[in-house]
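Taking it in order: structure first as structure tokens, then the write-up.
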Amino acid sequence: MRCLVVDDEPRLRRVLVRLLAGEGFTCAEAGSGVEALRELEKEPAPLVISDLRMPEMDGVTLLREIIMRWPETAVIVVTAVAEVESAVACLQMGALDYVAKPFHLDEVRARVSQALDKRRLITENRSYQQSLEDRVEAQARRIEELFLEGVHALVYALEAKDAYTRGHSMRVANYSVEIARALALDSDLIDTIALGSELHDVGKIGVSESVLHKAGKLTDAEYRHIMEHTVIGARILGPLMRDAPGALAIVRSHHERLDGSGSPDGLKGKQIPFEARLVSVADAFDAMTSVRPYRPSLAVNHAMRELEEGKGIQFDPDIVNAFLRAFQEGASLPIPTPQLQPLRLPMRVMEARRA
Ligand SMILES: [Fe+2]
């Protein structure tokens, strides 16, 4: 094992070097703190024995540097008997031991062996802690993956049952993200809105297929049954999305209307969560501009007029305005169905899950 002996007295240095060489160490020597740092930069050493009083750079400054730059290195300081206070200060800073001058060789031998034992324990402890941290990190990542896999399973189940809804959800997510950008929302809120809008109709898994695919006009009972998808979706996703209340609010409240006549809770105005008010504009626009078995699609201009007319009644006016800004008054509408993107968790959700 390599050892660096630092002392400005060549005689003392040689005594220590001879002793340590006899113990099997390969020794390097330095006559000052500055020289010692140069030696360590060339090749770090697991053990440094250093005098405290030296020209250029004293032992305390050297110790501080070593602890900062080579925390794995064990340092033993050599002090005069009168310097016990400095020795104690060195121990507090992280030196593993000290030897008082004049010293017995046996004492030095014992201190070196103890210091190396301590160093080994500290290193083992550190690597054990690191491996624990790595395992916790890996578990957190796995939990996150399981969560997303669970959500994906729901999305795929819905897709198998109702291909229209999946394409619709992806377009709504796109519209919603563009509205969010036009409103200069922060990126975490945008991610929440993207996740919530992709999942907003997941509750249709619980809606009967004959009603979902009915070509003719729905009866009142059938309409009420379809509208249950908000509550069903929130019930399915609730346990999975405790850390993403904004996304969950989109699932439950995207059919609320500003005037309080929406469902499922009849919320009014600002009682409706902001994220849900935003997605409801995107949702309505996409529903109007898509072809359904029971009706053709509306022209873009017509759908935009409906949004304008619904300001303050069904829709939040600021959000409708942001939609119009985002799509330059309709010039780039309607957007095509985007490629299937993997779902992403908002940063805040990931951090909450890790904590
Ligand atoms: Fe819906």
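It should be emphasised that the depicted structure is a prediction, and the values quoted were computed from it without experimental measurement. One-based numbering, in listed order, for ligands and for the atoms of each.
For Asp201, the nearest N, O or S atom to the Fe ion (ligand 1) falls under 2.8 Å. Metal site remark for the Fe ion (ligand 1): His254 contributes an N, O or S atom at a distance under 2.8 Å.
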Quiz item: What's the verdict on side chain to side chain donor-acceptor pair (under 3.5 Å) for His168 and His200, showing C-alpha distance, side-chain angles and the deciding distance?
Solution: CA-CA 10 Å; His168 162 71; His200 76 283; 3.3 Å; yes
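Checking each of Val17, Leu16, Ile49, Leu47 against Cys27 for a side-chain contact (heavy atoms from CB on, under 4.5 Å) leaves exactly one that passes, namely Val17. A salt bridge (charged side-chain N to carboxylate O under 4.0 Å, His left out) with Glu72 holds for exactly one of Arg126, Arg119, Arg120; it is Arg126.
A donor-acceptor contact closer than 3.5 angstrom links the side chains of Thr61 and Asp58.
Between the NE2 atom of His229 and the NE2 atom of His255, the angle centred on the Fe ion (ligand 1) amounts to 90° when rounded to 10°.
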